[in-house]
Amino acid sequence: MNHFIYRDKELYCENVPVRNIVQKIGTPLYIYSHATLKRHFKAFNDAFKGVNKLVCFSAKANTNLAILSLFSKLGGGLDIVSGGELYRGLKAGYASNKIVYSGVGKRIDEIDYALKMGILMFNVESMEELEIVDQRAGLLKKKAPVAIRVNPDVDPKTHPYISTGMKKNKFGINIEAAMEAYKVAAKLKNIKVIGLDCHIGSQITQTGPFKDALYILKTMIKDLAACKINIKYLDLGGGLGITYNDEEPPDPVEYANAIKEVIGDTKVKLIFEPGRVIVGNAGILVTKVLYRKSTGVKEFIIVDAGMNDLVRPTLYEAFHAIKPVVDSDNEEIKADIVGPICESGDFLALDRNIQKVEQGDLLAVMSSGAYGFVMSSNYCSRLKLAEVMVNGDKFQVARKRQKYEDLTRGEIIPDFL
Ligand code: LLP
């Protein structure tokens with residue numbers, strides 16, 4: 001069930017008219033549907049019913065504490081890529097032994113933090129990192145639980161910026177070098193090899209690339225077993241795509257069936273790191289029309305949200321549907337929907353057919369729950385937005401809108417000036 005629907009030509013989030021939220025909180029703002037978040041998490045989790053698994057929500061997709069806390073309460077684990085995400089995860093209530101740590105550039109202080117907290121697994125992405133993890137674990141008198149992130153050289157058929165599992169990408173250790181890496185790891189005193197990890201990319205809309213990668217990993221688990229290296233956890237990463245426009249990605253059940261088919265009776269605990277598929281379509285960005293203008297060759301709708309609030313259209317030429325919060329039945333025009341930032345790349349949509357709008361009208365930028373607020377910035381000293389969570393006929397602020405004082409917090413004018 002879609003929880004962002006029109007009733008009497010008015011866009012609702014669950015049982016709350018979006019307009020009511022805007023009246024109280026103002027624009028621009030992010031709105032998340034609790035029912036959708038919960039349904040998506042459960043749909044993914046339940047798709048693997050009966051399978052030994054842990055679903056670790058990929059924090060990077062949306063780190064709001066309210067969202068992290070919800071998935072923790074639903075029994076999930078967490079996939080992190082920084083000390084900051086570890087801090088948030090612990091604050092949101094995750095048991096540290098349900099947290100997996102990926103990323104090519106883990107700093108020593110971050111590694112130490114994760115070792116001290118006792119996370120489930122480091123997904124190690126290079127030999128140099130492996131060495132550092134071993135050293136730090138030794139110093140802290142710990143044994144570091146490690147998986148090696150393998151780069152299987154599989155084309156995920158997605159946007160080049162979010163493809164991660166090909167040789168030309170910076171992620172993981174080459175499949176050819178991975179066996180040797182495991183042999184080295186197995187000999188390190190302060191490392192406990194427990195897993196195998198892989199994440200091939202994001203917004204993947206077919207099951208094929210996942211299956212291709214899994215065949216490779218499955219063979220590798222057998223080869224490792226032959227060398228007496230036993231893999232307990234197989235982390236398959238995230239990457240399942242969603243519908244922004246006309247994509248038809250596999251649903252979680254189809255995805256799960258594809259995985260189950262390949263994995264067969266391999267005796268491992270599966271770890272998943274879904275991000276976008278859980279939160280992407282559970283959130284919208286609501287913005288207000290400030291001005292309209294025409295240059296003779298183009299119509300512009302200038303709104304109060306910009307690339308600093310939602311960078312996906314600018315960065316990836318990503319499509320987000322844009323809908324009027326109140327459906328006016330007006331005729332459609334073709335326009336660029338642009339923000340207030342002083343760059344021509346600051347747009348939410350280009351040459352988009354959209355109902356004629358007026359100053360003060362509200363627009364909803366759909367599918368903004370993943371990689372929305374988390375990628376926002378204070379560029380042009382614009383305030384970071386409020387985030388609101390709706391639950392049935394209630395809503396609550398999950399993050400306050402920044403104030404001007406927040407902008408200069410921590411800044412110091414040196415004495416010598
Ligand atoms: N695990 C790892 C190791 C990852 O690098 C990622 C995403 C995920 C899991 C979650 O992937 P998901 O299920 O969300 O596809 N900012 C881009 C997406 C970047 C994805 C980075 N890694 C965007 O807005 O499309």
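Note that ligands are numbered from 1 as they come in the structure, with each ligand's atoms numbered from 1 the same way. All heavy atoms count here, side chains included; hydrogens, waters and symmetry mates do not. Note that this is a predicted model, so its numbers are computed, not measured.
In this model, a donor atom of one side chain and an acceptor atom of the other lie less than 3.5 Å apart for Thr287 and Asp304.
For ligand 1 and Gly238, the ligand atoms under 4.0 Å from any heavy atom of the residue are 9 (C), 13 (O). Ligand-side atoms of ligand 1 in range of Arg276: 12 (P), 13 (O), 14 (O), 18 (C), 23 (C), 25 (O), range being under 4.0 angstrom from any heavy atom. Applying the 4.0 Å criterion to heavy atoms of Gly239 picks out, from ligand 1, the atoms 11 (O), 12 (P), 13 (O), 15 (O). Near Lys60, meaning under 4.0 Å from one of its heavy atoms, ligand 1 places the atoms 1 (N), 2 (C), 4 (C), 5 (O), 6 (C), 7 (C), 8 (C), 9 (C), 21 (C), 22 (N). Heavy-atom proximity to Met375, at under 4.0 Å, picks out these atoms of ligand 1: 16 (N). Close contacts between ligand 1 and Gly275 involve ligand atoms 12 (P), 13 (O), 14 (O) [criterion: under 4.0 Å to a heavy atom].
The aromatic rings of Phe41 and Phe71 sit parallel, their planes meeting at an angle under 30°, below the 60° perpendicular limit.
Note on Lys211 versus Glu261: salt bridge recorded, some NZ/NE/NH1/NH2 to OD/OE distance being below 4.0 Å.
Within the set His159, Glu125, Gln203, Glu273, the minimum heavy-atom distance to atom 9 (C) of ligand 1 is found for Glu273.
Under the 6.0 Å distance and 45° angle rule, Arg88 does not count as a cation-pi partner of Tyr94. Judged by the 6.0 Å and 45° rule, Lys106 forms no cation-pi pair with Phe122.
Checked against a 3.5 angstrom limit, the closest N/O atoms of Arg149 and ligand 1 fall outside it.
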